[in-house]
Number of protein chains: 2
Amino acid sequence: MSQGGQSQSGQSLLFLTDEQVRKGIEAMFFAYRGFTADPDRILQTKAYGRAHHRAVHFIHRSPGTTVNNLLNILGVTKQSLNRVLRTLIADGLVSSTVGRADKRERHLHLTDVGAALERELSNAQRDRMRSAYRRAGPEAVAGFREVLEAMMDEDMRHHYVAIKDRTD
Amino acid sequence: MSQGGQSQSGQSLLFLTDEQVRKGIEAMFFAYRGFTADPDRILQTKAYGRAHHRAVHFIHRSPGTTVNNLLNILGVTKQSLNRVLRTLIADGLVSSTVGRADKRERHLHLTDVGAALERELSNAQRDRMRSAYRRAGPEAVAGFREVLEAMMDEDMRHHYVAIKDRTD
DNA sequence: AACAATACGTCAGCTTTGTTGACATTCCAA
DNA sequence: TTGGAATGTCAACAAAGCTGACGTATTGTT
């Protein structure tokens, strides 16, 4: 099942050798570092962290979303998210309004200041993504997305597809 | 520069709209969670964390590597890495031997027990990667890798390519 | 031989971001 | 109407990153 044996099994399966797969793993590791590097640099100057970025991103993405919904998307505990939301609300980047139908829920929106931060972070991250896309070309990008989608957990793919459908 | 305007600019640039790029960003986020989910589950049962996984992975990858070299690859401080290495060495998963040529250096190797853990973690992560590769197909995989490489920081691409050359 | 630089380890203390546990409020269904 | 489920908040703790300071052994330079 290891290196040597598989190299003889024809070209169509070559890309599935352990070595090839492991290289994909490392590519994922190094690329994710680059992926977060630019926003991280910006956040550091503002006493916020990656968790704040994620919250701001998905609130921008789905305005009026509830805490619970955000929880499911981000995959963290509500206590962990709450700490982040608390500072964002205190700093006036996010507004939390009691639900009309269900008063237990809080609906989250970005304020103008919050939207400005979101844009700054997005732009930095998008620039890198865009330049990677340009260098790799459209077909590579299609493959990139296909593999990423196949790599997600079922439930997350659902979130991703839901989002995709809403805005495509 | 936003959604509406770009959709008219011809098919060859369509994939560069803000929306398309943002979707790539979210794909990256969700996929990375899937990417680490399986090893994380295993690690949790053994009182180790993702940091231990990374150390074990790269020691397996480059047997005999020095602490300093590992530091550069992982992009963390020596204090942070040291905490992890200390427990791995104490638990008998990693051996640290004084360098022959330069006695200041410590060369790191996995013990049999360490190699066994590495295999267990790798297998879990590779299984997911392999199945994603299968579902997406060879061309998608090539594109996947191209985009990831283009997304890395320069210095990290160097590490990645160096590794790639050694084993291809 | 003396001195600076390098490689590694460690201590102390702080930050971010994850966790569990306890609790208040609100809604809904028996 | 009352008890359970759901939503959200507060408190305390853990993992893993960080900076800064320092000690020791070794190497390289002058």
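Naming: A, B, ... by sequence-line order, numbering from 1 per chain. Remember, predicted model here, so these are calculated numbers, not experimental data. The basis for the numbers below is simple: all heavy atoms, side chains too, and nothing from hydrogens, waters or symmetry mates.
For Val67(B), the side chain to side chain contact (heavy atoms under 4.5 Å, CB included) criterion is met by Leu81(B), Leu85(B), Arg106(B), Leu108(B), not counting sequence neighbours. Residues meeting the side-chain hydrogen bond (donor to acceptor under 3.5 Å, both in side chains) test with Asn82(B), sequence neighbours left out: Arg86(B). In terms of the side-chain hydrogen bond (donor to acceptor under 3.5 Å, both in side chains) criterion, Arg119(A) has no residue partners (sequence neighbours excluded). Checked against ring-ring contact (aromatic ring centres under 6.0 Å, His included), Tyr32(A) has the following partners two or more places apart in sequence or in another chain: Phe35(A), Tyr32(B). For Glu118(A), the side-chain hydrogen bond (donor to acceptor under 3.5 Å, both in side chains) criterion is met by Ser122(A), not counting sequence neighbours. For Arg100(B), the side-chain hydrogen bond (donor to acceptor under 3.5 Å, both in side chains) test picks out no residue, with sequence neighbours left out. Residues forming a side chain to side chain contact (heavy atoms under 4.5 Å, CB included) with Ala140(B) (at least two apart in sequence, or on another chain): Glu146(A), Val147(A), Ala136(B).
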* Would you give a per-nucleotide map of nucleotides 24-30 of chain D, 5' to 3', where B means the base has a protein non-hydrogen atom under 4.0 Å away, S means only the sugar-phosphate does, and - means neither? => -BBS---
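Taking side-chain N and O atoms only, Thr77(B) has a distance below 4.0 Å to OP1 or OP2 of dC18(D).
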Between side-chain atoms of residues 43-52 of chain A and protein atoms elsewhere (two or more places apart, or another chain), which donor-acceptor pairs fall under 3.5 Å?
| from | atom 1 | to | atom 2 | distance (Å) |
| --- | --- | --- | --- | --- |
| Thr45(A) | OG1 | Ile42(A) | O | 2.7 |
| Lys46(A) | NZ | Glu120(A) | OE1 | 3.1 |
| Tyr48(A) | OH | Asp91(A) | OD2 | 2.4 |
| Arg50(A) | NE | Asp40(A) | OD1 | 3.4 |
| Arg50(A) | NE | Asp40(A) | OD2 | 3.3 |
| Arg50(A) | NH2 | Thr36(A) | OG1 | 3.4 |
| Arg50(A) | NH2 | Asp40(A) | OD2 | 2.6 |
| His52(A) | ND1 | Gly49(A) | N | 2.9 |
| His52(A) | NE2 | Thr87(A) | OG1 | 3.3 |

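Proximity note for Asn68(A) (side chain, C-beta onward) versus dT10(C), dT19(C), dG8(D): the nearest is dG8(D).
How far CZ of Arg22(A) is from CZ of Arg126(B): 7.5 Å, rounded to the nearest 0.5 Å. A distance of 8.5 Å separates OG1 in Thr66(A) from CG in Leu71(A), rounded to the nearest 0.5 Å.
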Contacts under 3.5 Å, N or O only, protein and nucleotides 21-24 of chain C:
| from | atom 1 | to | atom 2 | distance (Å) |
| --- | --- | --- | --- | --- |
| dG21(C) | O6 | Gln79(A) | NE2 | 2.7 |

All N/O contacts under 3.5 Å from nucleotides 13-16 of chain D to the protein, with atom names and distances to one decimal?
| from | atom 1 | to | atom 2 | distance (Å) |
| --- | --- | --- | --- | --- |
| dA16(D) | OP1 | Arg50(B) | N | 3.4 |
| dA16(D) | N7 | Arg83(B) | NH1 | 2.9 |

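Leu85(B) places its CG atom 11 Å from the P atom of dG17(D), with the value rounded to the nearest Å. For the pair Leu43(A) CG and dG17(D) C1', the computed distance is 15 Å after rounding to whole Å.
Heavy atoms of other residues, nucleotides or ligands lying less than 6.0 angstrom from CD of Gln79(B) number more than 12.
Ring orientation note: the planes of Phe30(B) and Phe58(A) are tilted relative to one another, at an angle of 30° to 60°.
Comparing the axis of the opening five pairs of the helix from dA1(C)-dT30(D) to dA30(C)-dT1(D) with that of the closing five pairs yields an angle of 10°, rounded to 10°.
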